[in-house]
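The structure appears right after this line, and notes come after that.
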Protein chains: 2
Amino acid sequence: MRSYAQCCALAKALDVVGERWTLLIVRELMLRGPSRYTDIRAGLPGIATNLLADRLRQLESAGIVYREEAPPPIATTLFGLTERGEQLRPVLDELLVWGLPLMAEPAPDDAFRAHWLAGPAAHFLSDSDPDGPPLEIEIRAGDEEPAVIDAAGGEVSVRIGSASDPDAVVSGRPQLVLGVLAGRLDLDDAVRRGLTVQGRRQALERLRASAPAAA
Amino acid sequence: MRSYAQCCALAKALDVVGERWTLLIVRELMLRGPSRYTDIRAGLPGIATNLLADRLRQLESAGIVYREEAPPPIATTLFGLTERGEQLRPVLDELLVWGLPLMAEPAPDDAFRAHWLAGPAAHFLSDSDPDGPPLEIEIRAGDEEPAVIDAAGGEVSVRIGSASDPDAVVSGRPQLVLGVLAGRLDLDDAVRRGLTVQGRRQALERLRASAPAAA
DNA sequence: CCGCATCCGGGGCGATACTG
DNA sequence: CAGTATCGCCCCGGATGCGG
């Protein structure tokens with residue numbers, strides 16, 4: 001990116017991470033951990049492949065991303081965040097919180113990945129039964145790659161992957177899943193509109209939307 | 001800006017404030033309060049005037065900036081941050097903190113404005129004599145527009161303007177001023193290299209750099 | 001002066017095709 | 001799988017003009 005050429009900490013930060021796609025790449029690496037090029041790309045629908053390669057190079061030379069040639073049996077290149085890259089977490093958190101209200105008005109053709117719920121979930125979901133057994137809810141929405149919501153001891157987190165023994169599996173259009181999780185949509189309404197819930201419905205009731213202006 | 005078209009809070013935030021110059025415009029409005037077009041521009045060396053006009057319009061329609069036609073004797077347009085715009089403060093703060101280490105290596109032709117010190121000062125300066133009388137130090141560096149460092153009751157802040165009765169006036173090249181404030185440069189060294197200090201030198205000693213990796 | 005609008009050249013970006 | 005190559009477009013940068 002063309003530098004702002006300003007001796008200002010904010011401008012210097014934007015010189016490094018202010019370009020288009022850059023912070024979203026960091027988001028993917030933060031949610032996935034060390035990842036293959038192709039997996040990063042799958043989490044960034046719309047990015048041009050040359051841009052992704054460019055950005056990864058820039059991030060690497062800025063000390064934010066490291067590149068590792070994994071030996072067999074992985075036998076591929078892995079990209080991960082350095083410590084300096086991890087330090088961007090508060091930045092992404094604040095931006096995400098600020099952007100939460102904007103998710104209330106999604107465009108009909110917006111792409112969706114279930115693991116993108118990780119950030120919002122940490123902010124607007126809480127475990128209404130902290131003393132209950134660990135809870136696993138699998139989410140399938142908008143893409144082939146499912147995610148799992150874990151609730152245990154009052155904490156709620158989201159990770160990529162499938163649940164081995166899920167308490168419930170929720171699948172359907174992103175809007176419906178999002179609406180239910182945000183408390184904007186009644187579960188019965190959502191089911192009536194096409195949401196599918198396998199397993200115990202009560203599992204879902206255990207998650208409570210706590211933030212006021214959630215998505 | 002072209003939307004990322006992703007149903008993700010972070011992507012939605014970047015859709016609104018991710019374009020080039022946008023967050024720097026917010027920075028200026030945050031540091032200056034409601035300002036005239038020309039003054040904003042003075043704080044953004046390098047921006048093209050049509051871009052500033054474009055961005056202000058976008059920010060206005062995004063509900064981040066309001067525009068007010070001030071009546072005489074001001075008789076001009078004022079731009080200011082709405083509440084939604086003010087809520088970007090934590091974002092700018094985190095980005096600024098992350099960018100602080102990058103200020104250690106400024107390019108020789110980087111522009112500088114004294115009021116850009118406001119953010120860093122709040123993070124790496126502290127008042128070593130909290131019970132002392134209010135302190136005013138005027139800073140002149142890199143531009144015509146001076147700034148004032150206030151210290152009182154242990155708090156340090158920076159504002160645009162001149163001090164009516166400053167305890168000290170520091171002027172010189174940005175590098176020197178920055179070096180002294182960050183504790184990177186000894187005051188005597190800086191003076192030997194061209195820094196000018198009028199008034200009581202002790203006033204400067206009262207400010208202590210507290211952060212480790214400061215600029 | 002202040003707050004822009006217009007014009008134009010260059011480069012970042014987007015999409016597709018292709019390759020070791 | 002992890003990119004490179006190519007091409008068109010539009011955003012951006014810089015200069016100038018212009019009405020209130």
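Protein chains get the first letters and strands the later ones, always in sequence-line order, with residue 1 at the start of each.
Remark: P of C:dG3 and CG of B:Leu52 are 10 Å apart, rounded to the nearest angstrom. Taking atom CG of residue A:Leu14 and atom P of nucleotide D:dC12, one finds them 14 Å apart after rounding to whole Å. Taking atom CG of residue B:Leu44 and atom P of nucleotide D:dG14, one finds them 13 Å apart after rounding to whole Å.
Using a distance-only test at 3.5 Å, with no hydrogens or angles considered, no donor-acceptor pair links the side chain of B:Ser171 to the main chain of B:Arg140. At least one donor-acceptor pair closer than 3.5 Å links the side chain of A:Glu19 to the backbone N or O of A:Met1. A donor-acceptor contact shorter than 3.5 Å links the side chain of B:Asp167 to the backbone of B:Glu136. Side chain of A:Arg84 to main chain of B:Trp98: a donor-acceptor pair is present (N/O by atom type, distance under 3.5 Å, no hydrogens or angles).
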Per-nt protein contacts along nucleotides 4-18 of chain C (heavy atom under 4.0 Å; B base, S backbone sugar-phosphate only, - none) come out as BBBB-----SBBBB-
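Using a 4.0 Å cut-off between charged nitrogen and carboxylate oxygen, B:Glu86 and B:Arg89 count as a salt-bridge pair. The existence of a salt bridge linking B:Glu145 and B:Arg113 is excluded, since no basic side-chain nitrogen approaches an acidic carboxylate oxygen closer than 4.0 Å.
Among A:Val170, A:Leu195, A:Val191, A:Val197, the single residue meeting the side chain to side chain contact (heavy atoms under 4.5 Å, CB included) criterion with A:Val180 is A:Leu195.
With B:Tyr4 as the aromatic partner, A:Arg20 meets the cation-pi criteria of under 6.0 angstrom to the ring centre and within 45 degrees of the ring axis.
Remark on the helix from C:dC1-D:dG20 to C:dG20-D:dC1: inter-end axis angle 30°, axes from five-pair C1' superpositions, rounded to 10°.
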